[in-house]
Amino acid sequence: AQALAGLATVTPDQAVAAATAAEPGTAGAPHLGDEDGSLVYEIVVTRADGSAVEVKVDAGNAAVLASEPDDGEDAGGENEAAEGPENGEQQPETDD
């Protein structure tokens with residue numbers, strides 16, 4: 001992550017400002033990562049209505065690249081919500 005930070009010309013604060021300009025709300029901590037060969041900040045913004053949206057901001061010029069509903073994916077790219085029941089409730093694991 002630190003190696004990526006040295007490549008970014010946009011600061012985390014600038015990325016958050018770009019994200020909240022595109023999607024007004026409260027921004028979470030920005031995460032710097034590689035998205036299909038491009039260096040981007042991923043920022044989850046919580047809107048006033050409580051919904052969350054993930055905003056991807058170019059770490060080179062602060063352009064907003066994408067904005068999509070937050071799907072619960074963590075920074076490691078694993079979607080834990082997709083593995084659970086569709087109604088959002090957790091079911092206990094059993095040893096069969």
Side-chain angles (χ1 to χ4, degrees):
Q2 202 150 1
L4 293 177
L7 300 173
T9 58
V10 172
T11 67
D13 288 341
Q14 290 170 321
V16 166
T20 55
E23 293 287 346
T26 303
H31 296 281
L32 189 60
D34 182 323
E35 181 78 21
D36 298 325
S38 296
L39 191 60
V40 299
Y41 285 100
E42 296 178 352
I43 303 158
V44 175
V45 177
T46 304
R47 298 174 176 152
D49 66 2
S51 64
V53 62
E54 182 180 56
V55 182
K56 294 184 182 181
V57 178
D58 188 301
N61 62 12
V64 174
L65 302 174
S67 181
E68 55 194 29
D70 183 38
D71 61 5
E73 229 178 72
D74 64 12
E78 294 182 21
N79 188 344
E80 294 177 18
E83 297 173 12
E86 290 188 28
N87 64 5
E89 294 180 11
Q90 294 294 327
Q91 292 183 355
E93 292 184 23
T94 59
D95 292 330
D96 290 333

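Nothing here was measured: the structure is a model prediction, and the numbers come from that model.
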With sequence neighbours left out, the residues meeting side-chain contact (heavy atoms from CB on, under 4.5 Å) with Thr11 are Asp13, Gln14
If you look only at pairs with a residue in residues 29-41, which of them pass as a salt bridge (charged side-chain N to carboxylate O under 4.0 Å, His left out), with sequence neighbours excluded? Glu35-Lys56
Within the side chain of Tyr41, is there an N or O that forms a donor-acceptor pair under 3.5 Å with the backbone of Val10? yes
Search all heavy atoms of Ala59 against all heavy atoms of Leu32 and return the closest pair with its distance. CB-CD1, 3.8 Å
Using the side-chain contact (heavy atoms from CB on, under 4.5 Å) criterion, which residues pair with Val44? Sequence neighbours excluded. Ala52, Asp70
Would you name the heavy atoms of Ala27 and Val16 that are closest together and state the gap between them? CB-CG1, 3.6 Å
At their closest point, which heavy atom of Ala18 faces which heavy atom of Ala62, and how far apart are they? CB-O, 3.4 Å
Taking every heavy atom of Val45 against every heavy atom of Ala19, the minimum-distance pair comes out as CG2-CB, 4.3 Å
Measure across Thr9 and Gly60 and return the closest heavy-atom pair with its distance rounded to 0.1 Å. OG1-O, 2.8 Å
Residues that Asn61 engages under side-chain contact (heavy atoms from CB on, under 4.5 Å), provided they are two or more places apart: Asp58, Ala63
Output yes when a side-chain donor or acceptor of Ser51 lies under 3.5 Å from a complementary backbone atom of Arg47, and no otherwise. no
Apart from Leu65 itself, what residues make up its hydrophobic cluster when side-chain heavy atoms of I, L, V, M, F, W and Y under 4.5 Å apart count as a link, directly or indirectly? Val40
side-chain contact (heavy atoms from CB on, under 4.5 Å) against Ser67, all qualifying residues, sequence neighbours excluded: Glu23, Val53, Val55
